[in-house]
Amino acid sequence: DRQRNLLNCPFLVERGQRVEPEPFELRRGFTAEVVRTRQALVINEQLAERAAELGSDIVPGTEDASSYLGVPMIAGDDILGVIDLQNLDHENAFSEADVSLLTTLASSLSVALENARLFDETKRLLEETERRAAELQKISDVGQMLVGELDPERIYEDMGDKLREVFDAQAVAIIAYDREADLMTWRYLMEKGVRLYPPPITPSGFSGHILKTRQPLMINEDMERIAAEYGSTVVAGEFPKSWLGVPLLMGGEARGVITLENMDREHAFSEDDLRLLTTLSLNMSVALENARLFDQTKRLLKETDQRAAELQIINSVQQGLASKLDAQAIYDLVGDKIRDIFDAQAVSIATYDLVARMIHPQYGIEKGVRFVDEPGPIMSGGIAEHLMRTREPLLINQVTEESVAEFGGMQIVPGTEAPRSMLFVPMVVGSEVRGVISLQNIDHENAFSESDVRLLTTLASSMSVALENVRLFDETKRLLRETDQRAAELQIINSVQQGLASKLDAQAIYDLVGDKIRDIFDAQAVSIATYDLVARMVRP
């Protein structure tokens, strides 16, 4: 065991009796010498002196030997272990023929073990691919179910029913959290086929912990003790033996919790379940957020004619975004629409690389002329860092040295004019600020109103959702391509292994593998050669 530097003895027989020693550390001794040199070791006399020289101890429960023969088991560049023979009765027990024969047997065993390992690895990859494909299918099913659904109650009901189908859980709950009232309300709770309606409560127990930390929580054993630690009690129904919960995150805030409970057994939930439930909760969060935005949109429609005009603009942008699956097309669409709507001579859209702390311009126009700005760093204490920290719009309607001093002063893009009014709205995805939309009026101060802030914020939110959809779509395509590639690779491996399994002639194996390699790779020449290390010859 190379990682832990341990020796294991899966087979040890002495004088016809099976011995099963515990694994021990590989330090010194005959076996360590074989591993180190990767060569056969023969000791036919004065074994005690050689044992002392190499620091070799006998395995507990075995006798001292008079002769020793050990050969390495090698697969490729890795040494898998050692086969050793010991004669307990007399010296000079092993000949060169014994060394040769045992070396050949060790080589055969190494190939067999490597084939077994590759077979297990192939099965594991197949199972992992199938499991990931099943997860992607479930995610796709939920996405199709939620797409276009703008009724929150329908979202809760459909999602709850779908979770009961997908997971091994007798109880499924979806909890909404009202931050202002500080109350948790069960929007869906089904236990063993019975619908339950517990009253709202203040956050507590497992769900309260998730709302506070915004992190998933999985408990698979010792439930009563852990429940007591968290102050968690049974709201309705039975006490579970396994529990899994994930937050519903919207705009970086925990707006609810999804919980699964298994009443029958411990260890009912796996890391795969946690990953899948987290992904489904994100889909539901987006659907609920879309539903919330839609309700807000309807409310805005009823308020004033001005709001009606704003909504018309939002709808037109969203309709355009719905057909876009290319990030630059989204930037251009939103940038051109903003230029038409607002009293701004300059419009810019930029994205943030949070890891590299860089700002990447994606769209820029001033007085009808497109300009290209170069990427630049996110300055400490600058406007970008302020937006990342607050995640709130920044309106400066009177641009003076004093008004921008707290942001490190004014940086003017070469070839553009200094503004007199500025509005910056962050593009927020989850809890992160991924970019900014900026409006600038060069002619006069106080150019932007609170309604401009509200409208641009809504457009930034829509744009952020669209860009996240593009990212998720690209990620889904990448995963599908990766899955297809892995399946193709496994098919190739399986076909080669099936062919090799029927070959007992070395040349037939070279021909089979060579022909397969020629079919697979983009190469006009393929060669396989062996090395005769003794004669120092290459044999094609």
Does the side chain of [Y] come within less than 4.5 Å of [X]'s, by heavy atoms?
X      : Y      : result
Asp161 : Tyr188 : yes
Leu189 : Tyr197 : no
Leu280 : Met159 : yes
Lys367 : Ile442 : yes
Asn220 : Phe269 : yes
Tyr352 : Val433 : yes
Tyr363 : Ile437 : no
Leu276 : Phe167 : yes

Legend entry - CA sep, side-chain torsions, deciding dist, call: Ser403, Gln398, side chain to side chain donor-acceptor pair (under 3.5 Å): CA-CA 7 Å; Ser403 65; Gln398 294 178 336; over 6 Å; no

Legend entry - Any residue meeting ring pair (Phe, Tyr, Trp, His ring centres under 6.0 Å) with Tyr230, in chain and number order, not counting sequence neighbours: Phe206, His209

Inset, instruction - Evaluate the side-chain contact (heavy atoms from CB on, under 4.5 Å) criterion for residues Glu229 and Asp222: first the C-alpha distance (whole Å), next the side-chain angles of each, then the deciding distance (0.1 Å), finally the verdict. - result: CA-CA 11 Å; Glu229 290 180 1; Asp222 203 7; over 6 Å; no

Using every non-hydrogen atom in the two residues, find where [X] and [Y] come nearest and quote the distance to one decimal.
X      : Y      : value
Met184 : Thr202 : CE-O, 4.1 Å
Leu274 : Pro216 : CD1-CB, 3.5 Å
Thr351 : Met427 : CG2-CE, 4.1 Å
Ala384 : Ile378 : CB-CG2, 4.0 Å
Ser242 : Ala268 : OG-N, 3.3 Å
Met190 : Arg195 : SD-N, 3.4 Å

Inset, instruction - Starting from the C-alpha separation in whole Å, work towards a yes-or-no answer on salt bridge (Lys or Arg N to Asp or Glu O under 4.0 Å) for Arg478 and Glu482. - result: CA-CA 6 Å; Arg478 184 188 66 79; Glu482 186 175 294; 3.0 Å; yes

Expected output: side-chain [X] to main-chain [Y] donor-acceptor under 3.5 Å:
X      : Y      : value
Ser462 : Thr458 : yes
Asp484 : Arg481 : no
Ser421 : Asn446 : yes
Asn397 : Met422 : no
Gln328 : Gln362 : yes
Gln170 : Met263 : yes
Asp273 : Ser270 : yes

Tell me, yes or no, whether the heavy-atom count around [X] atom [atom1], taken from other residues, nucleotides or ligands under 6.0 Å, exceeds 12.
X      : atom1 : value
Met223 : CE    : yes
Glu22  : CD    : no
Glu224 : CD    : no

Legend entry - Phe342 and Leu455: CA distance, side-chain angles, deciding distance, side-chain contact (heavy atoms from CB on, under 4.5 Å) verdict: CA-CA 10 Å; Phe342 294 96; Leu455 176 56; 3.8 Å; yes

Inset, instruction - Could you tell me whether Glu271 and Arg275 make a salt bridge, using a distance below 4.0 angstrom between a side-chain N and a carboxylate O? - result: no

Legend entry - Pair Glu450 + Arg454: basic N to acidic O under 4.0 Å: no

Inset, instruction - Test Val404 against Ile383 for side-chain contact (heavy atoms from CB on, under 4.5 Å), laying out the working first. - result: CA-CA 9 Å; Val404 297; Ile383 289 177; 5.8 Å; no

Inset, instruction - Go through Val425 and Val436 one step at a time and tell me if the side-chain contact (heavy atoms from CB on, under 4.5 Å) criterion holds. - result: CA-CA 6 Å; Val425 173; Val436 62; 5.8 Å; no

Donor-acceptor pairs under 3.5 Å, side chain of residues 385-396 to any protein atom, not counting sequence neighbours: which ones?
| from | atom 1 | to | atom 2 | distance (Å) |
| --- | --- | --- | --- | --- |
| Glu385 | OE1 | Gly381 | N | 2.7 |
| Glu385 | OE2 | Arg357 | NH2 | 2.9 |
| His386 | ND1 | Arg389 | NH2 | 3.3 |
| Thr390 | OG1 | His386 | O | 2.9 |
| Thr390 | OG1 | Glu392 | N | 3.3 |
| Arg391 | NH1 | Ser431 | O | 3.4 |

Would you tabulate the side-chain donor-acceptor contacts of residues 243-250 under 3.5 Å, counting partners in other chains and residues two or more places apart, or write 'none'?
| from | atom 1 | to | atom 2 | distance (Å) |
| --- | --- | --- | --- | --- |
| Trp243 | NE1 | Glu261 | OE2 | 3.4 |

So, taking the atom named [atom1] in [X] and the one named [atom2] in [Y], what distance separates them when rounded to the nearest 0.5 Å?
X      : Y      : atom1 : atom2 : value
Asp264 : Asp168 : CG    : CG    : 8.0 Å
Ile359 : Glu374 : CD1   : CD    : 13.5 Å
Leu217 : Ser232 : CG    : OG    : 9.0 Å
Arg339 : Ile365 : CZ    : CD1   : 4.0 Å

